[in-house]
Amino acid sequence: MECTPETERVPPPEAGRCIVRVLVELPRHVGLHEALDYRCDRPLAPGTLVRVPLGRRVVTGLVEGMAEPTPACGQVVPPAEPERLRDVAEVFDALPPMTAGWMRLLDFAAAYYQRSRGELALSCLPTALRALDGVQLQRRLKKLARRADVAPEGATPQRPVLAPGQQQALQKLVEQAPSTFLLHGVTGSGKTEVYLREAQRVLEAGRQVLVLVPEINLTPQLEARFAARFPGRRLAVLHSGLTPPQRLQHWLAAHLGQADLVLGTRMAIFASLPRLGLIVVDEEHDPSYKQQEGARYSARDLAVYRGRQAGASVILGSATPSLESWLNAAPAAEGGGRYRRIDLPERIGGGALPAVRLVDLERVVAQHGRQALRLHPISPPLLAALRERLERGEQSMLLLNRRGYAPVLHCTSCGWKSACPHCSAWRVFHKVDRTLRCHHCGSGQRVPLACPECGDPDIQPMGRGTERLEEQLATLLPQARVVRIDGDTTRQSGSLESQLAQVHDGEVDVLVGTQMVAKGHDFRRMTLVAAVDADGALFSSDFRAPERLFALLMQAGGRAGRDAALAARSEMWVQTWHPAHPLFAALKGHDYIAFARSQLDERRIAAMPPFSAQALLRADASTQELAQAFLQRAEALAGELQAAGQVSAEVFLYPPVPTSVQRVADVERAQLLVEAPRRAQLQAFLAAWVPLLDDINRPPTRVIRWAVDVDPLSI
DNA sequence: AGCACGCCGACT
DNA sequence: GTCGGCGTGCTC
């Protein structure tokens with residue numbers, strides 16, 4: 001940053017001649033200004049990383065700009081008492097400043113999600129960077145530079161012949177770039193190849209490519225595909241599975257522009273990418289893109305912003321797009337027009353989609369009598385289908401979205417249930433290690449031998465989870481090799497990868513798992529995927545539950561029939577008491593478009609997202625009354641703002657209510673839903689309202705903690 | 001949020 | 001007598 005006119009002589013450096021505004025990691029409730037002023041002997045470019053004294057410690061900060069300019073620039077108001085300012089302790093000169101584009105992303109995200117810029121900025125830089133001083137950083141950079149010199153030049157990779165649909169997709173990407181594209185295509189329609197080709201084009205133009213995946217589990221396979229396709233290119237990965245030094249290493253490779261490809265989970269949206277040319281958001285509908293703690297940002301939404309301001313295309317890929325994205329990609333006349341939709345109509349290699357079969361549990365009972373439910377949740381027809389696969393040497397997968405043996409244990413004589421003493425939830429019975437465990441707070445106990453209330457030894461599991469399903473299968477199909485993969489098995493015995501390898505190697509006949517096995521993994525010999533108990537989501541109070549269920553079932557169905565030879569007899573089974581539900585009709589036809597249309601119609605009529613914008617104010621306290629009192633005060637403040645005409649009267653606040661799980665780890669939780677017809681109105685409202693909330697709880701207490709969730713995914 | 005200073009209980 | 005609880009106050 002050069003402000004001095006060239007004709008003017010540069011004066012000798014004089015300590016504290018300039019004043020820099022520095023963002024430091026302080027939450028907004030602290031009440032200090034967003035940026036703190038420091039003296040510095042020279043101007044510093046915005047985006048420069050510095051170490052500054054703050055109270056009794058020295059912290060890492062990010063230069064926002066100059067508060068008092070060098071004389072020729074003179075437009076900014078100097079702070080009141082420049083004499084009392086402290087000096088910048090150290091400037092990270094060895095590190096290029098964050099780009100203006102990154103700073104804009106920061107500003108946008110902080111404002112949109114109601115966080116302080118300093119807090120957001122510093123929390124999305126690698127923690128290891130904050131711990132380093134200038135000398136250590138220099139050492140790191142040297143090491144990195146050495147490694148950059150030896151970029152391997154591999155053999156020319158094989159590229160598959162493109163299907164016509166893929167060719168057309170790529171043509172649109174070229175012709176309409178840069179813009180935001182919604183790439184809609186079923187599992188196996190070749191979306192990844194489209195990403196790879198477009199990435200190649202962008203890389204050849206000398207720009208960087210950012211690829212986001214929903215879960216850390218999905219990074220290795222995509223990383224392998226990109227690495228194989230671009231052997232000479234440096235690839236950086238960013239996710240929470242890296243050690244702090246690894247994360248710093250990869251972050252620096254991206255920041256210095258040495259890595260051309262950056263692949264990661266939602267946190268990677270904040271990667272420093274000085275030459276960004278393309279962002280891919282794979283499985284864009286996945287709820288994992290929304291951060292659920294701290295700054296509750298949506299990496300997918302930020303990707304759209306970032307791409308737009310960087311002049312980079314954004315590809316949102318999914319077989320079952322979020323309804324938000326689907327609407328944005330609709331014609332302008334229907335309320336869309338912001339994204340361009342590209343369809344990949346068919347499966348590559350002509351693989352057929354699995355036939356969807358609904359098992360009407362009502363009819364099963366009618367035909368086989370109520371004793372058929374003894375087998376529940378495996379109905380006689382499903383059992384027969386599993387046997388068939390077993391005889392043919394094919395694999396099956398049973399999905400049940402519930403870990404453990406049974407969600408609750410109960411006493412048949414006195415009615416005692418295994419309640420968690422710290423949460424308003426049941427402790428789940430885990431038979432494997434004979435424990436009762438709360439899935440909310442993690443607390444547990446050994447399974448009691450008798451009812452703790454009345455001493456009756458007859459305590460029974462109610463309902464079923466994956467453990468019990470696995471056990472039932474072992475009884476029903478004694479000759480089958482059954483394996484269970486869920487959060488519990490991946491936690492105790494190695495990685496998901498190694499367990500999946502068993503399945504790939506054909507050592508498994510039936511796979512039982514939660515939704516984690518339904519995502520992204522291809523099993524070539526899998527010809528049956530069954531959702532054993534899907535009804536829960538049909539009548540949920542969460543208006544997004546059907547959308548999530550449909551996506552999950554479509555995605556799970558996509559696991560079957562990846563082998564073209566077996567595709568013809570691949571089936572997706574769903575057991576339900578409500579076979580007439582319209583969701584299933586759409587599923588049978590693999591008709592996302594019809595499903596989206598009906599869902600959007602419902603949402604439009606009810607003025608729910610994406611036809612309105614929402615934010616949630618959450619409060620945690622020692623009692624429900626305290627939490628709700630905070631929210632009521634917040635509600636009253638909103639009313640005052642509206643009465644004074646300072647915010648739109650169209651913003652609607654629902655009454656405060658307890659959250660769906662009211663108490664977690666002895667903390668009572670309540671929430672207040674805010675709804676506005678448009679995002680802009682909601683944003684304007686939050687900008688006026690949220691700063692007032694600090695005052696309700698000032699000084700900040702441990703009794704009440706609160707947070708705002710903009711565009712919440714579950715209410 | 002950190003991190004200090006600052007006054008009241010059970011321990012080397 | 002000290003170590004340590006967390007209550008209030010400050011950080012450019």
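Per chain, numbering begins at 1; letters A, B, ... match sequence-line order.
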Could you tell me whether [X] and [Y] make a salt bridge, using a distance below 4.0 angstrom between a side-chain N and a carboxylate O?
| X | Y | value |
| --- | --- | --- |
| A/Asp488 | A/Arg491 | yes |
| A/Arg17 | A/Asp41 | no |
| A/Asp711 | A/Arg679 | yes |

Taking any atom under 4.0 angstrom from a heavy atom of chain A, which nucleotides of DNA chain C are the first and last to qualify, 5' to 3'? C/dT11 to C/dC12
So which one's nearest nucleotide on DNA chain B is more toward 5', A/Arg56 or A/Leu26?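 The residue closer to the strand's 5' end, by nearest nucleotide, is A/Leu26.
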Name of the residue among A/Gln671, A/Lys290, A/Gln114 meeting side-chain hydrogen bond (donor to acceptor under 3.5 Å, both in side chains) with A/Asp709: A/Lys290
Contacts of type side chain to side chain contact (heavy atoms under 4.5 Å, CB included), residue A/Gln646, not counting sequence neighbours: A/Leu641, A/Ala644
Tell me, please, which residues at least two apart from [X] pass salt bridge (Lys or Arg N to Asp or Glu O under 4.0 Å).
| X | answer |
| --- | --- |
| A/Asp694 | none |
| A/Arg28 | none |
| A/Arg115 | A/Glu119 |

Can you give the first and last nucleotides of DNA chain B, 5' to 3', that have an atom under 4.0 Å from a heavy atom of chain A? B/dA1 to B/dA4
